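Data first, discussion second: the structure below is written as structure tokens.
A note on names: the letters A, B, ... follow the listed sequences, proteins ahead of strands, and every chain is numbered from 1. Just so you know, these numbers come straight off a predicted model, no measurement behind them.
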Amino acid sequence: MSDASERHLRALELPVVDAARMLVGCTIAHGGCSGVIVETEAYHDSEPACHAFAGLTARTRPLFEAPGIAYVYRSYGIHALLNAVCEDEGVGAAVLIRALEPLEGLEEMRERRGLDRVEDLCSGPGKLTQALGIDLELNGSDLDGGPIAIEPAPPGWEEVEPVVGTRIGITKAAELPWRFCVPGSRSVSRPRL
DNA sequence: CATGGGATTGACT
DNA sequence: GTCAATCCCATGC
């Protein structure tokens, strides 16, 4: 965790808004499928849109653990949403991974999604977990050496400058500029920035 | 123990 | 633009 190739994981120790910005351009992989992160959002226990705002419960326990693990929860009874837990143990903070540009395992993603178009495979937080085969069993798993891997930006993605906007699909603290997207990417969810 | 609300998506008017 | 699907879990009786 000390050389430059681990900088993407050290980012999870930073304030969660900085971590959300730095994860854009990194890759995420699970079971032979991978993609470049093109959209993230930050969540922190100091604001009411974050699950951890309610305090430590059975559901939010992973959010308060040490940085570098996955927080996977079920949304609207249907979708699994993937977060990277950030900041110190005892602080409830995480980056929601909202969209990827597919890299490897395209055919397996197409089978899982039942769709062909590349830009439809991972262009939303529920879509990318379905495409990569990520489900609730991976809640709490390690992002360093575990089944889900966060890796450095691939060639051509190191210098990406994310654009900032407000978070999607929430009613509380909706004004915070805590959403980061790759400008122009076809795989960013709607509305695009 | 019963109820209600989502960090969404896809189908449909 | 509207709307239902579906389940985990927090809350309240």
Return the 5'-most residue of the pair A:D120, A:Y71 with respect to DNA chain B, ranking by each residue's nearest nucleotide.
A:Y71
Examine A:L128 and A:V85 and state if one hydrophobic cluster contains both, with Ile, Leu, Val, Met, Phe, Trp and Tyr joined whenever side-chain heavy atoms are less than 4.5 Å apart.
no
Length of the CZ-C1' vector between A:R112 and B:dT9, whole Å
18 Å
Should C:dT6 form a Watson-Crick or G-U wobble pair with both distances under 3.5 Å, which nucleotide is its partner?
none
Among B:dG10, B:dA7, C:dC8, the one nearest A:R98 by side-chain distance:
B:dA7
Using a heavy-atom cut-off of under 4.0 Å over every strand shown, decide if A:L81 touches base, sugar-phosphate, or nothing.
sugar-phosphate
For the pair made of NE2 in A:H79 and P in B:dG6, what is the distance, rounded to whole Å?
16 Å
What about the rings of A:H51 and A:Y73, do their centers lie closer together than 6.0 Å?
yes
In whole Å, what is the span from the NE2 atom of A:H51 to the C1' atom of B:dG6?
7 Å
Side chain of A:A54 only, please: which of C:dC7, B:dT8, C:dT11 is the nearest?
C:dT11
Does a side chain donor of either A:Q130 or A:R112 reach within less than 3.5 Å of an acceptor in the other side chain?
no
Under 4.0 Å between any heavy atoms, over every strand shown, what does A:R167 touch: base, sugar-phosphate, or nothing? Just pick one.
nothing
CD1 of A:I170 versus P of B:dA7: gap in Å, rounded?
8 Å
If the P atom of B:dG4 is compared with that of C:dA4, how far apart are they to the nearest Å?
16 Å
Output the rounded distance in Å from CG (A:N139) to P (C:dC7).
18 Å
Can you identify which nucleotide, out of B:dG10, B:dA7, C:dA10, has its nearest atom closest to the A:T57 side chain?
C:dA10
Specify the separation, in whole Å, of atom CZ of A:R59 and atom C1' of C:dC7.
11 Å
Distance, rounded to the nearest Å, where A:L115 contributes CG and B:dG10 contributes P
7 Å
Nearest-nucleotide pick for A:K127, side chain only, options being B:dA7, C:dA10, B:dT9:
B:dT9
Side-chain-base donor-acceptor pair under 3.5 Å for A:Y76 and B:dA7:
no
What is the separation between atom CZ on A:F53 and atom P on C:dC9, rounded to the nearest whole Å?
21 Å
Residue A:R74, side-chain atoms from C-beta onward, closest of B:dT9, C:dC7, C:dA5
C:dC7
Using a cut-off of 4.0 Å on non-hydrogen atoms, how would the nucleic acid contact of A:R113 be classed: base, sugar-phosphate, or nothing?
sugar-phosphate
Pair A:T166-A:E175, side-chain donor/acceptor within less than 3.5 Å
no
Looking for any heavy atom pair under 4.0 Å, which part of the strands does A:I78 touch: base, sugar-phosphate only, or nothing?
base
Of the nucleotides C:dA10, B:dA7, B:dT9, which has the atom closest to the A:Y43 side chain?
B:dA7
Closest nucleotide of DNA chain B for A:L128 versus for A:G77: which of these residues is on the 5' side?
A:G77
In terms of side-chain heavy atoms, does A:E104 have a donor or acceptor partner in A:S34 at a distance below 3.5 Å?
yes
Path from A:L136 to A:L138 over hydrophobic side-chain contacts below 4.5 Å:
yes
